[in-house]
Student: 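What follows is a single structure, and I will ask about it in a moment.
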Amino acid sequence: MPEPFCWDDQYRVDGGVIDEEHQRLFELANDVFAFEDPDSQVDEFKETVVALFDYARRHFANEEALMEKVRHPRLSQHANAHRAIVAEMTRQIKACQSLEKLAHELRCLMVDWVMRHILDEDRKITASLRRGGTAHPAPA
Ligand SMILES: [Fe+2]
């Protein structure tokens, strides 16, 4: 059983809604990866994958709306990165031949794309949020 995704301060972006949504994204990803044998629980597994997929799309839209509000300078590149993640998730789901393999591919996507994206790109939003007055101070 792989280690669950754990949110910690290195992923912190705004100390508010974005961080809460990232934490929820990690929880939903952990729900997907908690299945011991996805091929024996097909309906439950599919529902869990759909929940992760839908939430990721909603979160990306929320994040882009916030970036637009604070006039983040890299909004279009950032939105393209979101679209690429959604497109890859869609491709994996459509090409799925085994749910176990899908779980593995989604896990790689979460590690290589989503968590890397949070660390490399989402954290750049913090400066724009500070300028826009919407970043919450880090806890002491
Ligand atoms: Fe993002």
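In this text, all values refer to a predicted model and were calculated from it rather than measured experimentally. Atoms within a ligand are numbered from 1 in the order they appear, just like the ligands themselves. What's counted below: heavy atoms across the whole structure, side chains too, no hydrogens, waters or symmetry copies.
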Student: Let me check your reading of the structure: within less than 2.8 Å of the Fe ion (ligand 1), is there an N/O/S atom from Glu64?
Tutor: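 It does not: Glu64 brings no N, O or S atom closer than 2.8 Å to the Fe ion (ligand 1).
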Student: Among the N/O/S atoms of His117, which is closest to the Fe ion (ligand 1)? Give the atom name.
Tutor: NE2
Student: Using a cut-off of strictly less than 2.8 Å, determine whether Glu121 has an N/O/S atom near the Fe ion (ligand 1).
Tutor: no
Student: Which residue is it: Glu21, Glu20, Glu27? I am looking for the one with a salt bridge (Lys or Arg N to Asp or Glu O under 4.0 Å) to Arg24.
Tutor: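 Of all the options given, the one that passes is Glu27.
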Student: How many degrees, to 10°, between His82 NE2 and Glu63 OE2 as seen from the Fe ion (ligand 1)?
Tutor: 90°
Student: Establish, from distance only, whether the side-chain atoms of Glu88 and Gln92 form a donor-acceptor pair under 3.5 Å.
Tutor: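 There is such a pair (donor and acceptor under 3.5 Å, judged by atom type) between the side chains of Glu88 and Gln92.
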Student: When you measure from the Fe ion (ligand 1) to each N, O or S atom of Asp122, which atom gives the shortest distance?
Tutor: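 Asp122's closest N, O or S atom to the Fe ion (ligand 1) is named OD1.
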Student: Is it true that Glu63 and His59 share a donor-acceptor pair across their side chains at a distance under 3.5 Å?
Tutor: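 Yes, side-chain donor-acceptor contact under 3.5 Å.
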Student: Over 60° means perpendicular and under 30° means parallel, so tell me whether His82 and Phe60 are parallel, tilted or perpendicular.
Tutor: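 Ring orientation of His82 relative to Phe60: parallel.
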Student: Say whether Glu64 and His72, considering side chains only, have a donor N or O and an acceptor N or O under 3.5 Å apart.
Tutor: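 On atom types as modelled, these side chains do not qualify, holding no pair under 3.5 Å.
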